[in-house]
Amino acid sequence: MSYETFSKEQIQYLKRIKSRNRSIVILRIMLFVVFLAVWEAAASLKWIDPFIFSSPGRITATLSRLYIDGSLWTHVFTTLCETVAGFLLGTAAGVLIAVILWSSDTFSKVLEPYLVVANALPKIALGPVFIVWLGAGPLAIITVALTISLIVTVLEVYTGFKQTDCEKIRLVQSLGANRGQILTKVVLPSSFPVVMNSLKVNVGLSWVGVIVGEFLVSKAGLGYLIVYGGQVFQLDLVMASVVILSLLAAIMYFGVQILEKKIAGRY
Amino acid sequence: MIPAVKLEKVNKRYHTPEGEISALEDISFSVGEGEFVGIVGPSGCGKTTLLSIISGLLEPSGGKVFIFGEESYGVNPKIGYMLQRDSLFEWRTIYKNVMLGLEIQNQVTAENISGINELLTKYGLNAFRDNYPSQLSGGMRQRAALIRTLAVNPKILLLDEAFSALDYQTRLAVNDDIYNIIKKEGKTAIMVTHDIAEAISMSERLYVLSRRPGTIKLSVDINLSIENRTPLLSRKAPEFRQYFDMIWKELDIHVL
């Protein structure tokens, strides 16, 4: 549609929206720039001790050093693989268990108290157990990440399943649907938003799981860098790792969002 | 002639921890092929229970249901059920929604697909086949829901307050619309409603149910002195008012 078909007020209204959106973007960028500038200035003017608080300049230097000696990719790759694995396994297993719970009322009633306790339990407490069982390596780390997102996924997706519109279930039943068809034709597609939502939550949780796992046991990865940096008092290294982490977490979150739009479009 | 639907001394009791509730008692009636029968009753009298029993979604506690002379157990493919809301799946296009029954019954054949296309064209929804339900008006959604029911080619249609979610004007129009389609397709129909006027305007015979436990209180043949009756025209018939008053009295509704 061209502007010509709009009235003057409409054009003004559209312009107002546009300029408002633009100023929000500008403010966002400014906030970031000002934050970095103040930090850098405070460090170089010795208002804060750059040895403890680091500074944008020092972080950049650390990042480029890591990049040049090639260890950056090793660490990023290790953590990323562990997170993606934990995320996918946790989500898949969670949805699968939710389906099993949905399929049997008795079963879900029996398991209910266990799920509630498992949900309240800080899963990280099981970290040492996994290390003993699975060895001090990526397997234990992935398991920690998986456990953290698993129970939440089960509970959330199962609740979503239970909230499926009864009328829709009656409808497919009246068309002669069996239990499996009720699941695939009604329950799963109508719970799609819930599953997507738990996917988004799980992105964050998997990062928590992996970093904590790496704190406990690891020879590589961003969590390892953070712990190592803390131990040898190289706060630049810690900060640099945090910067990479936030970048990766953001990318993964948006990835899920794009996936959601893609799949939603196909429905 | 064998009746399309025949109920013999059907009753239904629900069990809850608080006790036993008798929802229906001693319901017997039959509906001939091609008839349009209405069932009215106060809310909570077991109207939906009755339809669920006929459709086979619910088992009666006692009594028998015959569909075209054969005793019926479980969901019967000869019966199509239209629920209170259109319950179109918002994640499916209209075409995909209409296909639902065929998919479930593993009947997606070229012949059946062309049948669906014919229905969509005949009833003006073909232009909207790739739209999602949210893009359609209430009346069109109801039409789509009816076509979804007709797609699996049932002989008998059960309408459970199928118009109650619509606003009054749309409802009158949809009454006419759905009625005409059902008649054109030559289906037998049993409609449950709490709306007396709607029941009289659409039915050839009416059963009035009592308060819980629901029993048949009265059976009324609706004879209107108009030609080519449609629900909207029926409302103008001189006898309409008398039927209305008679059923109103039978329903015995009090506010307090």
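Protein chains get the first letters and strands the later ones, always in sequence-line order, with residue 1 at the start of each.
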### Query
Under a 4.5 Å heavy-atom cut-off, does chain A meet the side chain of Leu88(B), its backbone, both or neither?
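Answer is backbone: N, CA, C or O of Leu88(B) sit under 4.5 Å from chain A.
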Does [X] have more than 12 heavy atoms from other residues, nucleotides or ligands lying within 6.0 Å of its [atom1]?
{"X": "Phe36(B)", "atom1": "CZ", "value": "yes"}
{"X": "Glu70(B)", "atom1": "CD", "value": "no"}
{"X": "Leu259(A)", "atom1": "CG", "value": "yes"}
{"X": "Arg179(A)", "atom1": "CZ", "value": "yes"}
{"X": "Glu111(B)", "atom1": "CD", "value": "no"}
{"X": "Tyr14(B)", "atom1": "OH", "value": "yes"}
{"X": "Lys183(B)", "atom1": "NZ", "value": "yes"}
{"X": "Gln10(A)", "atom1": "CD", "value": "yes"}

### Query
By a 4.5 Å heavy-atom criterion (distance strictly below it), what part of Thr184(A) contacts chain B: side chain, backbone, both, or neither?
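No part of Thr184(A) comes within 4.5 Å of chain B.
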### Query
So which part of Gln173(A) gets closer than 4.5 Å to some heavy atom of chain B, the side chain, the backbone, both or neither?
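Both the backbone and the side chain of Gln173(A) come within 4.5 Å of chain B.
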### Query
Lys96(B), Gln105(B), Arg85(B): which one forms the most heavy-atom pairs within less than 4.5 Å of chain A?
Arg85(B)
[atom1]/[X] to [atom2]/[Y] distance, rounded to the nearest 0.5 angstrom?
{"X": "Ser174(A)", "Y": "Ile104(B)", "atom1": "OG", "atom2": "CD1", "answer": "8.0 Å"}
{"X": "Ile169(A)", "Y": "Leu57(B)", "atom1": "CD1", "atom2": "CG", "answer": "12.0 Å"}
{"X": "Glu167(A)", "Y": "Gln84(B)", "atom1": "CD", "atom2": "CD", "answer": "5.5 Å"}

What I'd like to find out is whether the side chain of [X] reaches to under 4.5 Å of the side chain of [Y], using heavy atoms alone.
{"X": "Asp165(A)", "Y": "Phe89(B)", "answer": "no"}
{"X": "Glu90(B)", "Y": "Lys168(A)", "answer": "yes"}
{"X": "Val75(B)", "Y": "Leu175(A)", "answer": "no"}

### Query
Could you name the residues of residues 88-126 of chain A that have a heavy atom within less than 4.5 Å of a heavy atom in chain B?
none
### Query
Going by atom types alone, do Arg170(A) and Ser87(B) pair a side-chain donor with an acceptor below 3.5 Å?
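The answer is no; no qualifying pair exists.
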